[in-house]
Protein chains: 4
Amino acid sequence: MGKREDITDATLDLIDELGLQSVTIAQILKKAKVGSGTLFNYFRTKDELVHEVYRLARNKMGYSLLEGYDSTASLYERFTSLHRNRIRFGMKYRKEFLFSDSYSFSPYIPPELRNMDESGEIQEIMSVLSEGQKQGLIRDMDAKLCHQITYGIVASVLKGYYIQKYELDEKREKETLEACWKAIKL
Amino acid sequence: MGKREDITDATLDLIDELGLQSVTIAQILKKAKVGSGTLFNYFRTKDELVHEVYRLARNKMGYSLLEGYDSTASLYERFTSLHRNRIRFGMKYRKEFLFSDSYSFSPYIPPELRNMDESGEIQEIMSVLSEGQKQGLIRDMDAKLCHQITYGIVASVLKGYYIQKYELDEKREKETLEACWKAIKL
Amino acid sequence: MGKREDITDATLDLIDELGLQSVTIAQILKKAKVGSGTLFNYFRTKDELVHEVYRLARNKMGYSLLEGYDSTASLYERFTSLHRNRIRFGMKYRKEFLFSDSYSFSPYIPPELRNMDESGEIQEIMSVLSEGQKQGLIRDMDAKLCHQITYGIVASVLKGYYIQKYELDEKREKETLEACWKAIKL
Amino acid sequence: MGKREDITDATLDLIDELGLQSVTIAQILKKAKVGSGTLFNYFRTKDELVHEVYRLARNKMGYSLLEGYDSTASLYERFTSLHRNRIRFGMKYRKEFLFSDSYSFSPYIPPELRNMDESGEIQEIMSVLSEGQKQGLIRDMDAKLCHQITYGIVASVLKGYYIQKYELDEKREKETLEACWKAIKL
DNA sequence: GATGAATGAGTCTTCATTCAT
DNA sequence: TATGAATGAAGACTCATTCAT
């Protein structure tokens with residue numbers, strides 16, 4: 001098994017357990033069962049390692065969002081598919097979702113990472129929104145505001161789930177998706 | 001002016017500028033123009049200081065939410081008043097809002113702080129929601145889910161504003177408040 | 001006694017024992033009986049500490065060179081006085097002389113340090129040389145070359161003494177001083 | 001071309017550029033285009049490599065000193081030939097000269113290396129000096145002191161040249177050689 | 001109450017060296 | 001013989017905290 005992957009895995013685990021800024025190299029080394037020299041062979045600095053972990057998480061999420069995506073389906077179905085995928089991704093990959101969400105607002109993150117869209121999922125979301133507005137289905141407001149609203153719902157609902165405010169069963173998933181749609185529809 | 005306040009003010013400023021974990025005691029001392037002995041007279045540890053800063057920010061937000069609150073107004077008006085107050089608080093007190101939002105999800109925070117409700121604003125929000133459900137205005141779902149949805153919208157819209165995705169003018173404020181309502185209404 | 005002085009003293013001792021580049025902070029801390037925090041309160045980096053040690057050594061030597069200097073004496077006497085002082089300084093303060101000599105040729109040294117002349121001793125030497133040339137006592141060659149020649153003799157003789165090639169008694173001191181003069185006189 | 005030579009060449013280059021203690025094995029490997037395993041096949045430790053580089057430099061200088069040496073020439077000519085060769089060697093092979101000069105005073109160097117005289121050049125110099133004293137040409141002082149004086153002049157003049165205090169043209173070379181002779185002659 | 005010099009455990013990072021291929 | 005991934009001891013430096021004044 002690759003040492004490189006051992007390292008990024010251990011790092012994400014620890015970020016999840018302790019919070020990004022509390023994670024020390026020493027902890028990573030212990031968890032990944034790797035010498036410090038090894039780590040710094042793969043990543044020049046701690047920052048570079050963190051950025052890579054972020055990239056991996058964001059990529060994983062990006063591809064998940066587009067899973068089973070049918071670009072010929074109705075607009076509502078495309079909208080819901082994207083958001084359902086995000087919820088399910090968040091439920092399955094808590095660590096990736098939480099780190100991605102929190103780090104993208106941290107002051108450290110380099111701009112090119114913050115706006116990364118390697119799998120094109122953001123573009124897809126934005127084009128669904130603007131197409132929906134053209135079709136008169138979605139309220140005619142700043143597309144970025146739209147996105148921020150629906151993303152905010154999903155992220156917040158997931159966070160409530162993470163701190164065990166409730167179960168996120170099929171019923172609540174459905175309610176959340178409908179809230180997303182209703183929040184911005186005309 | 002009180003040294004104690006100098007210290008908490010300086011701390012919040014620095015958290016906003018640099019991110020919680022980057023702030024050092026030395027920086028706080030310099031900004032607050034206080035000796036280290038003084039700081040540790042008021043706060044036994046750095047954690048205790050951070051918790052106090054959190055408490056102050058949460059309290060400030062709590063009282064703001066209830067500003068001009070008319071408990072005899074219509075349910076929709078009460079709902080909107082609370083959420084409008086949160087948006088405006090967030091616009092005016094970015095540092096307090098952001099720190100409060102991010103810290104309440106951090107792994108460090110002691111449970112009793114996470115759920116603090118000194119001014120009773122959370123209770124008020126929850127009772128508006130459940131009353132709305134009784135009146136058949138709000139969809140009959142887990143009240144905590146409801147709260148998570150509307151809080152998520154406001155927080156996310158504010159974060160988009162903070163990173164200057166858009167201006168948060170009256171129009172967008174109105175759109176956001178309507179999104180909050182529509183997301184959960186029957 | 002001042003911690004600051006404890007630190008610079010320990011540093012110079014260790015440089016003498018081990019060579020500049022082998023000296024570690026840990027060794028200095030141990031010898032100076034000081035915590036690492038203390039050291040870095042006084043000197044921001046190891047380099048800054050080394051530069052200060054160099055400055056102190058150079059200054060000490062500079063003032064020693066001018067000890068008992070009579071600017072009204074004959075040119076030969078002034079010349080010899082300066083060089084005798086350097087030899088005696090080197091014998092008494094081996095550590096200072098050796099470090100000063102070797103560090104001034106190191107690639108690390110910042111230019112303003114290399115050419116430092118706080119006590120004006122270099123200026124005095126150079127003016128003795130050029131005056132001697134005007135008086136027809138000293139061979140008419142590049143003054144810097146002159147200085148390099150006489151300095152080279154003194155430094156090299158001292159180094160031979162340090163590695164115990166010979167005793168540096170009065171006779172040899174006299175021979176060395178005469179060599180300095182004869183090497184450049186007309 | 002031999003790997004072994006690639007390694008020692010790269011090492012000397014780097015010592016000259018960066019100073020002995022700053023040179024890392026990694027830099028040597030890169031410059032010599034060699035794997036670390038290879039280097040440690042040829043040299044058991046870094047020290048062993050450095051010592052070998054020193055030996056090579058000293059040897060090169062030793063043979064150069066004796067180039068064109070005519071043991072039947074007059075004493076003054078033999079003396080001047082040896083010193084002229086050293087100056088010219090220093091001008092042509094700065095890296096070798098500087099490393100040889102500085103390393104021979106470093107605390108690291110093993111005694112047997114410091115006094116090495118593989119090509120017999122030191123013996124030759126010393127015998128010129130003592131013969132000169134017997135002939136009444138050179139002042140009757142400790143032969144080691146004599147050597148130290150003339151070596152000191154050459155080394156110091158070269159160092160001034162290296163840090164570009166002056167050009168070392170024929171005139172200055174001649175002046176330097178004469179200074180060497182005058183410094184010790186009767 | 002207010003101060004800041006002193007502390008040392010802990011941080012990230014480097015680098016000579018090994019060893020399986 | 002040649003390689004380079006892996007190692008971990010050791011390096012410079014940081015920072016929350018203490019305590020004598």
Side-chain angles (χ1 to χ4, degrees), chain A residues 1-4 6-7 21-30 32-50, chain B residues 2-4 6-7 11 21-30 32-50, chain C residues 2-4 6-7 11 21-30 32-50, chain D residues 2-4 6-7 11 21-30 32-50:
Chain A
M1 205 179 321
K3 301 266 174 189
R4 193 188 162 90
D6 291 350
I7 293 168
Q21 304 280 358
S22 305
V23 176
T24 68
I25 294 278
Q27 292 165 331
I28 296 171
L29 299 178
K30 197 174 168 190
K33 285 171 192 159
V34 162
S36 60
T38 307
L39 189 151
F40 285 98
N41 277 344
Y42 287 107
F43 307 96
R44 264 182 313 187
T45 64
K46 191 188 180 188
D47 272 5
E48 198 172 300
L49 165 58
V50 170
Chain B
K3 301 263 175 193
R4 192 188 164 87
D6 290 350
I7 294 168
T11 305
Q21 304 282 352
S22 304
V23 177
T24 68
I25 295 277
Q27 291 166 330
I28 296 171
L29 299 178
K30 196 177 168 189
K33 286 170 190 159
V34 163
S36 61
T38 308
L39 189 150
F40 285 98
N41 276 342
Y42 287 108
F43 307 96
R44 262 184 314 183
T45 65
K46 189 189 180 187
D47 273 5
E48 199 173 300
L49 164 58
V50 170
Chain C
K3 299 267 175 190
R4 194 188 161 89
D6 290 351
I7 294 167
T11 305
Q21 304 281 355
S22 304
V23 176
T24 69
I25 293 280
Q27 292 166 331
I28 296 171
L29 300 178
K30 197 175 168 190
K33 284 172 192 159
V34 161
S36 60
T38 306
L39 189 151
F40 286 100
N41 277 344
Y42 287 106
F43 307 96
R44 263 184 313 189
T45 64
K46 190 188 178 188
D47 272 7
E48 200 172 300
L49 165 58
V50 170
Chain D
K3 301 264 175 192
R4 193 188 163 88
D6 290 350
I7 294 168
T11 304
Q21 303 283 351
S22 304
V23 176
T24 69
I25 294 276
Q27 291 166 330
I28 296 171
L29 299 178
K30 197 176 167 190
K33 286 171 191 159
V34 163
S36 61
T38 308
L39 188 150
F40 285 97
N41 277 343
Y42 287 108
F43 307 96
R44 263 184 315 184
T45 66
K46 191 190 181 188
D47 273 6
E48 199 172 302
L49 165 58
V50 170

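Lettering of chains follows the sequences in order, A, B, ..., and the numbering in each one begins at 1. Note that this is a predicted model, so its numbers are computed, not measured.
- In this structure, the nucleotide among E/dT13, F/dT17, E/dT17 sitting nearest to the side chain of A/Phe40 is E/dT13.
- One atom, NZ of A/Lys33, and another, C1' of F/dA6, lie 17 Å apart when rounded to the nearest Å.
- Sequence order on DNA chain E of the closest nucleotides to C/Gly37 and A/Asn41 puts C/Gly37 first from the 5' end.
- For the OP1/OP2 pair of E/dT7 and a distance below 4.0 Å, the side-chain nitrogens and oxygens of C/Lys3 include at least one atom meeting the criterion.
- Counting non-hydrogen atoms under 4.0 angstrom, B/Tyr42 reaches the backbone sugars and phosphates but no base.
- The distance between atom CD1 of D/Ile28 and atom P of F/dG4, rounded to the nearest whole Å, is 16 Å.
- Comparing C/Arg44 and B/Arg44 against DNA chain F, the residue whose closest nucleotide sits nearer the 5' end is C/Arg44.
- Among the atoms of the strands shown, only primed sugar atoms or phosphate atoms (P, OP1, OP2) are found under 4.0 Å from some heavy atom of D/Thr24.
- Toward the 5′ end of DNA chain E lies the nearest nucleotide of B/Val34, the other residue of the pair C/Ser36 and B/Val34 mapping further downstream.
- Within 4.0 Å (heavy atoms only), C/Ile25 reaches sugar-phosphate atoms of the nucleic acid but no base atom.
- Taking 4.0 angstrom as the limit, A/Thr38 places none of its side-chain polar atoms (N or O) nearer than this to OP1 or OP2 of F/dA5.
- At whole-Å resolution of the value, CD1 in D/Ile7 and C1' in F/dA2 are 11 Å apart.
- The side chain of C/Lys46 has F/dC13 as its nearest neighbour among F/dC13, E/dT13, E/dT7.
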